[in-house]
Each structure stands twice: as C-alpha cells, then as structure tokens.
Amino acid sequence: MSHTIFGGNADRPANIHTFDTITNTGTSSTLEIDGVVITTVDRIAGGQVTYQLQGSLDGTNFAPLDDAKTKDIGNHIHTYSGYALRYLRVVVTASAADRTLDMSICCDS
C-alpha cells in the first residue's frame with residue numbers, strides 16, 4: 001500500500017500519481033486515495049490492451065469501477081465520479097509481451 005494518500009488536496013499536482021508500467025498482463029500496485037472524482041490518462045503502446053480500474057474500501061476486496069476497456073495505441077482519458085473509495089488499482093487482462101499500459105490518476109474532492 002502507498003504511504004502517501006492522493007487526493008483531497010487543493011494543490012492539484014499533489015493529487016496525481018503514475019502507476020508503474022504494466023507490460024503484458026498484470027495488476028498494478030494499490031494506491032490509497034481521498035477523493036470522489038477520479039480521472040485517468042492512459043497511454044498504450046505496442047498494440048491493443050484490455051484493462052479496468054478497480055476500487056476497494058479495505059484494500060483487499062476490489063470491484064470494477066466500469067466494464068473493462070479495450071483500447072488501441074494512443075492516449076485515452078476517463079473520468080469516474082461519485083465513488084467514495086479508499087484504494088485503487090488497475091488490472092490488465094488482455095495484452096501481449098510487447099504491449100504496455102502507463103496510467104496516471106488524479107483524485108479530487
């Protein structure tokens with residue numbers, strides 16, 4: 001778990017976190033947040049990737065915020081509003097060895 005809580009701060013740069021790059025399939029580290037508006041900027045390289053953002057109240061039991069997204073190479077932005085969550089993670093469920101997902105998250109109240 002992160003030692004820094006992202007969100008709930010009037011200083012927007014302090015509310016932004018970038019997960020480590022996910023290559024092929026896998027799950028990111030868990031991010032602790034404080035905010036109900038979540039915006040992601042996702043950069044996909046190498047080919048199509050299927051992924052979803054998941055949230056949790058306890059850091060153990062996660063559920064999807066939305067259906068899995070299948071996106072092509074490029075930058076994509078998504079906003080989720082009204083989720084009173086404590087933890088976030090991203091899960092890549094379909095990809096290939098030469099494909100990557102870089103996701104940055106901004107949480108705000």
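One-based numbering along the sequence shown.
Linking Ile, Leu, Val, Met, Phe, Trp and Tyr residues whenever their side-chain heavy atoms come within less than 4.5 Å leaves V90 and I73 in two separate clusters. Residues L65 and V92 are members of one and the same hydrophobic cluster, defined by side-chain heavy-atom contacts under 4.5 angstrom among Ile, Leu, Val, Met, Phe, Trp and Tyr.
No more than 12 heavy atoms of other residues, nucleotides or ligands lie within 6.0 Å of CG in D20, so this atom counts as exposed by the packing criterion.
With no hydrogens or angles considered, no side-chain donor-acceptor pair links Y87 and D58 at under 3.5 Å. A donor and an acceptor atom, one from each side chain of T21 and D102, are located under 3.5 Å apart.
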(Q) Walk me through whether L85 and V36 qualify under side-chain contact (heavy atoms from CB on, under 4.5 Å). (A) CA-CA 7 Å; L85 299 167; V36 295; over 6 Å; no

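One distance of note links CZ of R43 with OG of S104; it measures 9.5 Å at 0.5 Å rounding. With values rounded to the nearest 0.5 angstrom, D66 atom CG is found 12.0 Å from Q54 atom CD. Between the CG atom in L31 and the CZ atom in R89 there is a gap of 12.5 Å [rounded to 0.5 Å]. Taking OG of S95 as the reference point, atom OH of Y51 lies at 11.5 Å (rounded to 0.5 Å). Rounded to the nearest 0.5 Å, atoms CG (L53) and OG1 (T40) are 6.5 Å apart. The distance from the NZ atom of K69 to the NE2 atom of H76 is 11.0 Å, given to the nearest 0.5 Å.
Every residue was checked against the salt bridge (charged side-chain N to carboxylate O under 4.0 Å, His left out) condition with K71, not counting sequence neighbours, and none meets it.
Contact detail for D72 and I44: the closest heavy-atom pair is O-CB, 3.7 Å. The heavy-atom pair separating F19 from S29 by the smallest distance is CE2-O, 3.3 Å.
Here the rule is side-chain contact (heavy atoms from CB on, under 4.5 Å) with I33, and of D108, I105, L88, N15 only L88 fits it.
Ring geometry for Y80 against Y83 counts as perpendicular: the plane angle is over 60°, on a 0 to 90° scale with 30° as the lower cut.
With contacts defined as side-chain heavy-atom distances shorter than 4.5 Å, the pair I22/T100 does not qualify. A 4.5 Å side-chain heavy-atom check between D42 and L101 finds at least one atom pair inside the cut-off.
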